Amino acid sequence: MIRVKNLSVAFDGPEVVKNVSFEIGDGEILGVVGESGSGKSVTALTMMGLVSEGARVTSGEIYYDEELLLKAGTPRDNALYREYLGRKMSMVFQEPMTSLNPTMKVGKQVEEVLSLHEAAIEETQRESTVPSGSAVQSDVKCGEKVPGKKRKQYRERKEARKQKVLEALSSVGLKDVERVYELYPHQLSGGMRQRVMIAMAVILHPGLIVADEPTTALDVTVQNQIIELLKKINQEQNNSLLFITHDLNLARRLCDRILVMQNGCIVEEGITEEIFQNPRGEYTRKLISAVPGRTGKKKKLRKEIGKALVEVRDLSVFYRENANSLFGRTEKKCVVRNADFSVYEGEILGLVGESGCGKTTLSKAILGLNKMITGEVTHHSNAPQMVFQDPYSSLNPSKTVGWLLQEPLRAQGALDPSKAMTEAESRAEAIEMLKRVGLEEKYFDRKPSQLSGGQRQRISIGQALITRPGLVIADEPVSALDVTIQAQILELIRRLQEELGTAFLFISHDINVIYQVSDRIMVMRDGRILEIGETCEVFEHPKDPYTRELLR
Amino acid sequence: MKRIAAWLKKQNKYLLVGLIMTGLAVALGLLSLVWTPYSPTAMSSAERFHAPSFRHLFGTDNFGRDIFSRVMQGIGTTVTVSTAIVIISAGAGILVGAVTGYFGGILDEAIMRITDAVNSFPSILLALVVISIMGSGKQNVILSLGIVFAPSYVRIVRSEFIRLRDADYIMRARLMGVSKWRILFVHILPNIFSVFWVSVTIGFNNAILAESGMSYLGVGVQPPDASLGKMLSDAQGYLGRAPWYALAPGLTIVWIVLGFSLLSEGIRRGAISGKREVE
Amino acid sequence: MKYLVKKLATLILTLFLVSVLAFLAFQIIPGDVVTSILGTEATPEQAQQLREELGLNKPPLVRYISWAGNVLKGNFGNSYRYSKNMNQMMPVSELIGDKLPVTLSLAFLSMIFIAVIAIPLGVFWARSKNRVLDVILNVGTQTAMAVPSFFLGVLVTYFFGILLRWFSPGRYVSYEKDFWGFVGYLIFPAISVAIPKIAMTARFLRNSMLTEMHADYVRTAYSKGATERQVAYGHVLRNAMMPVVTFLGMIIAEIVAGSIVVEQVFGLPGIGKLLISSISTRDFPVVEILILYITFVVIVVYFLVDVLYRVIDPRISTK
C-alpha cells in the first residue's frame, strides 16, 4: 500500500528522522510507538506532505501503490498531494479540540472533503463508466446553457453531499446526525469531536488512514470507544491504518505489526505479540517494562499504618455557576458530594477518576484553597504541600533551582522564628534535597528553563518535601511525562515515601499508575467516591461496575 | 570589542536600530542643555528663511533663528517631559495594578470601572480637559498626561497579575506559607517585566505624541520652553515659503517615535524568542 | 439577553460617572467664571446678579441635579462666550448642532478609508511570501504609525495643497453650500487621520492571520486536500477577523481624537475646533456637553462592536 524508503528529515539542525524504511500492507494496522521527540509524528506528517515548511527531506522516497509521492531533492508536488489527501489518504490528529475550525459548522467541515474532490471523482467515474467521453461532454455543455437546470443540478448535488455527510456521521457512531451537522465544535464533547474527525477521514474511503495519537487527549472510557471504532472501520472498509502512539498498551490492543522508534530511528519492528513476548532491542525492553501494568505482584498493605493525618468528613464542594449574572442570582453547583475518608501517616492513597470527576477540586478543598464547602476537613500535621501535573508551570521561571528549594525554608523561618535558618544552613539543606531527588549539585544555579520536564518534576517534589510536611498531594504528577521518565518519577516518589515517611495523596486518571504506586485506592466519578479500599482488594474484587469498566 | 560585536549580533535588528535612533535623540536633547550650535533665540533679519545648508543644518525660520538649535532644545523638552510622564504613570500602574490584580474584590471592581471610563475616552482629549482645569505649562502637562496614561498601565499590570495569581507555582508558594507581599513583589513581579518594558516603550510613544500634539494646539508647554509641536504650528503659516521649517520638527517627532516603537518591537520579539528557547 | 442588559447597565453607569466627573471637575477650578465673563471692572451687584442668573449660588449637588435633568430633557444650557445677539444667550445645542456633521463626516470618511484599504492590504501581506515586499511593508507601516496626525496633516497640505494644488488649504467648503465640494475638501484631512490607523490595522490583521495559519485546524484543512487559497479565505480569514473587529472598534476613539486635532490643521469648523477654543476661553457649559457627547459616541460604538462580535462568533452566540 505505502512504502517508505530510507527517509531522513531535518529541520534547521540535525536530522530528526534518520533513514527510516517501512511498508504498510493492504488492510494492515501498523503501530508506530515512541516517546516524544522520537520522530514518529514528523515521519507521518512528511508522508502526508503536511510537515511544516522548515523541514527538509534529506534522503529517501515515498511510494503510494507503487506511485512515487515524494523523493528527496525534488520539491514536494503539492498538486499531486492535494489530489491524494482526503481521497486516497487521510489523517486524524491528536487534539480534537483545536483540529476543527471553531467558527464553522462541523457538518460543513466534513462536507468540505466532498466538495474539494467532487470534480476529480466525477471525472474518474465518467472515465470508467462511459467509454467515449465526447457524448457526455456535449451533454454537459447543453446543461450549462440552461441556467435553471444548472441551478437545479447544483441543488441536487448539494443535497447529495449533505446526505453523504449524514451517513458518514452516523457510521462513526454519532446519534441525531441532523442536529450534529448544524453544531459548532465547541458544542460537542471531546469524544464526539474525534468522531467527527474520523468521519472526515473515512468519508471518501481512502486506502490509508494515519491516526496521530488520536486518543491521547481523551478519557479512558472514551478512548476505548474510539479504539473500537478504528478497528471497526478497518474491518469494514479494509483500508490500511497507521496508528501513532506513545502508549504501548494501546498499540498492543489495536495493531497487527509495530515499529518502535527512538531518536529518529526505527529500533525494532515486528508482529505485535512477538515484540511483547520477545523484545530484541534494549530500548524496547525498557519501554515495555516502564509501562505501568498490573503485572507485578502487589504487596499487602503495610501493617504499621499510623494515625490519621487528614480527616475528611462529609465534604461537599461547590462552585458558583454563572457568577457574572446581573442580579447575582448565582446557582451553586456541587462538584464533590459527601466525600468521607482519611489519609493515614506513611501511606500513599491513590485517587483515580476521569477528567471532570472532581478530583482536583477535592484536593484543593483539602488544602483550603476552595472556600465553598460544607462538611469538615481536619488536619493533624503541619501544612500539606502540593505537586502539580504541568512541570512547565509549577516552577517560577525567573528563579534558580537553589532559590526555589530554599524558599520554603525561608517562608517557614519567617512564620516560625524557632525554625529560622541561616543562608548557609538552608543552602546545605537545599543541596541535600537536590541529591535526594536524584540531581547533581551543578543544577543548583540553573533556571527551570534549562531543565527537562522530568528534572523539573524532581525539583517540584523536592520543593514540596524540603520542609518535611506530613502530607503531600500530588495531582497527576506524571501525566505530562514520557513513559520511561514516568517510571523514574514513580520510583522516586516511592523511595522518598519510604525514606521520609511522608504520606501522599496521589491523583491520576491512569489506573495502572495508581496500581503501581498506591497502598490504598479511591475511585471517583461525577463528584462521588464510589469505592475505597486496599489496592489489591479493589483490583481483585472491584465492587462498583464503573471500577470494573476502568479495569477492563 | 569582540564581546560587544558578538552581543550585537545576538540582539535583533529592531532592538538595535531602535536603540540607535532613540539614543541619538536623547543624546542631542541632553546636549542642548549645555550647548547648541547657535543661540536658539538669537534673531537675525538678514538670515530669515535660509534653506538648509552646512551653516544652518535645518535652515532658519521667519526670525532668522537657527532651526537645528531650536529642534535640539525641543527634543530636550520632549524627552524630559515624556520621561517624567512615563515614570508617574508606570509607577502608579505597577502599584495599583499589582494590588488590585492580586487581591481583586470591590476595590478592584471600582478601579476597573474608572479605568474603563478613562480608556473609553480619547487620551489627548482627556489631557486637554485636565489642562483646561489646571492651566497649561510644563508641570501641568506632565501631571495631566501622567494621570491620563496611568490607567493603561494599571490594566496591563493588573491582567498580568491576574494571569499569574492562579499559576501553579504561585499556588505552591502560598501553600509554603510565603507572605502576600513577598508573593506580589518577589515571586510575581519579576515575571511580568518583559510585558512591562514593552508597555513602557509604547508609553513613551504615546507621551511624546500627546505632548507634541498639545503644544501644537497651543495648550501644552509654554514659551520660553521650546517645543516641537509649537514649532510645527508656527511653521505651518510659511509652508509655501520655507517647507523645511515645518519638516524639521515634524520629522524629528517621527524619528523619536519610530525609534521607540522599534525598541518595543525588539523587546517583544526578544521575549518571544526567549520563551521559545525555554520550550 | 441577560448579557445585553448587563452591558447596557454598564454603559449607563459609565455615562453617569463621566457626567459627574465632567461636572465636578469644572467646579474645583481656580478662577471665577463671573469675573472672566464680566471682566474685573464689574460691580459686586452685577456679579451677584449674574451669579444668580447662572445658578452659581446654589450648592454643587443641586446644580448637578438640575444640570443633569436638563441634559436628559435635551436642554444643554447656554454658552458663556457666544451669544445670538445682544440680549439672547447662545444655547449649547445650537452651537454644537452645525459643527457636528463636519466632525462626524470626517470620522466616517476616515473609517471608510481604513476599512477599504487596511483589510485587503493585511490579507495580501499575510499571504505574500516575497521577503523584499515584507520588509518594505514592515518599515512602511512602522513609519506611518510613528507620524502624528497633525504632522501628517501638514505634509498632506504641503504635497496636495501647495505642490500639487489639488485643493486650497484653509478654503473650507461648507456642506450646506456645496456638498460634493465639502466631501472633496474633507478627503485630505481624512487621509491624514486614516494613514496611521491603516498601517496599524493592516499589521494587526496580518499578525492575526499568521497566528491563525499555525492553528491545528489549518493543518486539518490541508489534510483534506485544500489549496492554500482555499485555506486562507475559507478558514483563516474568518477566524483572523474576529480580533480585528474588536481592534477596529477600539481605534474609533482614536479616530475621533485624531479628527479633532486634524480639524485644527485644516481649519475645519468641527467639534474639535470648538472644544479647543472653549477650553482656552473657559466656556465650561460647552466643554461639559462636548465631553459627555464624545464619551457617549465612543461607548456606544464599543457597545455595538461588542454586540457584533457576539453575533459573528459562534463560540459565543451559540452558548
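Order of the sequence lines fixes the chain letters, A, B, ..., with proteins taken first and strands second; residue numbering starts at 1 for each chain. Since this is a predicted model, take the numbers as computed values, not measurements.
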Only distances under 3.5 Å count here; give the side-chain donor-acceptor pairs of residues 153-160 of chain C to other protein atoms, sequence neighbours excluded, each with its distance to 0.1 Å.
from      : atom 1 : to        : atom 2 : distance (Å)
Thr157(C) : OG1    : Gly153(C) : O      : 2.6

Practice prompt. Answer yes or no: is there a side-chain heavy-atom contact under 4.5 Å between Tyr153(B) and Val86(B)?
Written response: yes
Worksheet item: Taking the six-membered ring for Trp, are Tyr216(B) and Phe150(C) parallel (under 30°), tilted (30 to 60°) or perpendicular (over 60°)?
Response: parallel
Worksheet item: Side chain, backbone, both or neither: which part of Leu247(B) has a heavy atom under 4.5 Å from chain C?
Response: both
Fill in: Heavy-atom pair count under 4.5 Å with chain C, highest-scoring of Leu239(B), Leu232(B), Leu209(B), Ile208(B)
Leu239(B)
Discussion item. With a 4.5 angstrom heavy-atom cut-off, is it the side chain or the backbone of Leu13(C) that approaches chain B, or both, or neither?
Written reply: side chain
Worksheet item: Most heavy-atom pairs under 4.5 angstrom with chain B, which of Val265(C), Val261(C), Val147(C)?
Response: Val265(C)
Worksheet item: Does the side chain of Thr115(B) pick up a donor-acceptor pair with the side chain of Arg155(B) at under 3.5 Å?
Response: no
Worksheet item: For Leu163(C), is it the side chain, the backbone, both or neither that has a heavy atom under 4.5 Å from a heavy atom of chain B?
Response: neither
Discussion item. Could you check whether Glu211(B) and Ser215(B), counting side-chain N and O atoms only, form a donor-acceptor pair closer than 3.5 Å?
Written reply: yes
Item to complete: Would you mind telling me which of Asn205(B), Ile253(B), Leu217(B) has the largest number of heavy-atom pairs within less than 4.5 Å of chain C?
Response: Leu217(B)
Practice prompt. Counting only heavy atoms closer than 4.5 Å, note whether Thr10(C) contacts chain B via side chain, backbone, both or neither.
Written response: side chain
Discussion item. Testing Leu290(C), Ile289(C), Ile291(C) one by one against Val287(C) for a side-chain contact (heavy atoms from CB on, under 4.5 Å), which residue passes?
Written reply: Ile291(C)
Worksheet item: With only heavy atoms counted, which part of Val301(C) is less than 4.5 Å from chain B, the side chain, the backbone, both or neither?
Response: neither
Fill in: Partner chain B: residue of Val297(C), Leu152(C), Leu17(C), Ile162(C) with the largest heavy-atom pair count (under 4.5 Å)
Ile162(C)
Item to complete: Sort Ser233(B) into side chain, backbone, both or neither according to what part of it lies under 4.5 angstrom from a heavy atom of chain C.
Response: neither
Worksheet entry | Counterpart residues, ring pair (Phe, Tyr, Trp, His ring centres under 6.0 Å), relative to Phe260(B) (two or more places apart) | Phe204(B)
